[in-house]
Amino acid sequence: MQQRIFYFILTFLFTNSIMAQTVSPEQFVGFAYGEKYMPYHKVVSYCQSIANTTEHIQLKKYGETTEGRELLYLVVSSDENMKQIDEIQKQHRVRIGMQDGESTSDSLPAIVWLSYNVHGNEASGTQTAVQLLYLLANKTNADLNSYLKNTVVIIDPCLNPDGYARYTDWYARVGNRIPNPDLETIGHNEPWPGGRTNHYSFDLNRDWAWLTQIESQQRISAYLSWMPQIHADFHEMWHNSSYYFAPSIEPIHEYILPWQREVQLKMGKSHAQHFDQKKWLYYSRETFDLLYPSYGDSYPSLSGAVGMTY
């Protein structure tokens, strides 16, 4: 009897050890990264899988789209930070005057919010978010563990699930098995209304401040509950453009302060050094202003963060 119990315990521990292993996006969906677009329901399922098997990652649902798709974000930090993540969130809000209470911590981790796919047909963003989530789930990376001790990373893998689903479903039907670079082929010519906008054909990257759309209303409620110091808004460029990152072009809204512009410049120079090492093409300060207050870089900046378009 004791021997049977011993074998049962061994089997239980072995099974749970296998289940606890982090599954890659490729293993989860059955095709190589970048070979196809991951359907949105699979994106949600993968995020749930990672959160369920990884102690230092939490999944939060913050709403639903008009068509009923889940809106969600993931919170990633060190094990120690995640044990007290609610208190970190509270203390940060207390320190910036967003919540009543007494500050009890001299130092808090920085909060970095990463937003992907506000334009549904810029679908590489969500693929990148999923891959980033997998990398952040890897606790064997010493550099990553050191970074997460000082940082809370929040990932919104898709701000516009309805547009993303409309685009990726369409592309799955018309795209070639071997991608065709000819711009005259059907895979490069979406029919109206395309996947850029949401259910109501509204561009959500014009709605951060006005909040006319249900996705924006629910996202901003979640955003204001955290008030990150850094916000990065990830987009996809056209075929004949190199990579863009901040600093932005003039004009810049007068309420965006000099220190915010200075941080943008420092981060842009840091990015440029890494791109130069790789001999990757890039540009900045030629497009994308910070005047209109309702973009994914300007709204966070006017709310006190350093907002940047990528």
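The first residue in the sequence is number 1, and the count goes up from there.
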Give me the one residue out of Thr54, Thr22, Asp79 that meets side chain to side chain donor-acceptor pair (under 3.5 Å) with Lys139.
Asp79

Option from Asn160, Thr128, Asp156, Thr126 for which side chain to side chain donor-acceptor pair (under 3.5 Å) with Asn117 holds
Thr126

Can you sort out the partners of [X] under ring pair (Phe, Tyr, Trp, His ring centres under 6.0 Å), two or more places apart, ordered by chain and number?
| X | result |
| --- | --- |
| Tyr147 | none |
| Tyr40 | none |
| Phe245 | His271, Phe275, Tyr282 |

Tell me if the [atom1] atom of [X] is crowded by more than 12 foreign heavy atoms within 6.0 Å.
| X | atom1 | result |
| --- | --- | --- |
| Gln217 | CD | yes |
| Glu55 | CD | no |
| Lys266 | NZ | no |
| Glu250 | CD | yes |
| Asn189 | CG | yes |
| Phe31 | CZ | yes |

Cluster overlap [X] with [Y], hydrophobic side-chain contacts below 4.5 Å:
| X | Y | answer |
| --- | --- | --- |
| Tyr223 | Leu59 | no |
| Ile154 | Val76 | no |
| Met227 | Leu159 | yes |
| Trp113 | Leu204 | yes |

Determine, step by step, whether Asp143 and Ser146 satisfy the side-chain hydrogen bond (donor to acceptor under 3.5 Å, both in side chains) criterion, reporting the C-alpha distance in whole Å, the side-chain angles of both residues, the deciding distance to 0.1 Å, and the verdict.
CA-CA 5 Å; Asp143 291 337; Ser146 175; over 6 Å; no

Leu148 and His56: which non-hydrogen atoms are nearest, and at how many Å?
CD1-CD2, 4.2 Å

Any side-chain to backbone donor/acceptor pair from [X] onto [Y]? Under 3.5 Å, distance only.
| X | Y | value |
| --- | --- | --- |
| Glu236 | Gly125 | no |
| Arg166 | Thr197 | yes |
| Glu190 | Gly195 | yes |
| Ser241 | Met237 | no |
| Glu70 | Glu64 | no |
| Thr66 | His199 | no |
| His231 | Val306 | no |
| Asn52 | Gln48 | yes |
| Arg93 | Met98 | yes |
| Ser298 | Tyr295 | yes |

In terms of side-chain heavy atoms, does [X] have a donor or acceptor partner in [Y] at a distance below 3.5 Å?
| X | Y | value |
| --- | --- | --- |
| Gln260 | Ser301 | no |
| Trp210 | Tyr299 | no |
| Thr212 | Asp207 | yes |
| Asp203 | His119 | yes |
| Thr309 | Asp233 | no |

If we only count heavy atoms from C-beta on, is the [X] to [Y] side-chain gap below 4.5 Å?
| X | Y | value |
| --- | --- | --- |
| Leu72 | Cys47 | yes |
| Met82 | Gln58 | yes |
| Ile230 | Met267 | yes |
| Trp208 | Ser115 | yes |
| Val152 | Ile85 | yes |
| Met308 | Tyr310 | yes |
| Val75 | Gln89 | no |
| Trp170 | Val174 | yes |

Would you please indicate if the ring centroids of Tyr37 and Tyr171 are separated by under 6.0 Å?
yes

Verify side-chain contact (heavy atoms from CB on, under 4.5 Å) between Arg261 and Ile256, making sure each step is shown before the conclusion.
CA-CA 7 Å; Arg261 300 176 66 169; Ile256 295 176; 4.3 Å; yes

Specify whether Tyr116 and Phe234 have parallel, tilted or perpendicular ring planes, treating 30° as the upper limit for parallel and 60° as the lower limit for perpendicular.
parallel

Audit row: Val43, Met38, side-chain contact (heavy atoms from CB on, under 4.5 Å) steps and yes/no:
CA-CA 6 Å; Val43 173; Met38 185 183 286; 3.7 Å; yes

Checking side-chain contact (heavy atoms from CB on, under 4.5 Å) for the pair Arg219/Ser216: CA distance, chi angles, key distance, verdict?
CA-CA 5 Å; Arg219 183 181 69 253; Ser216 307; 4.0 Å; yes

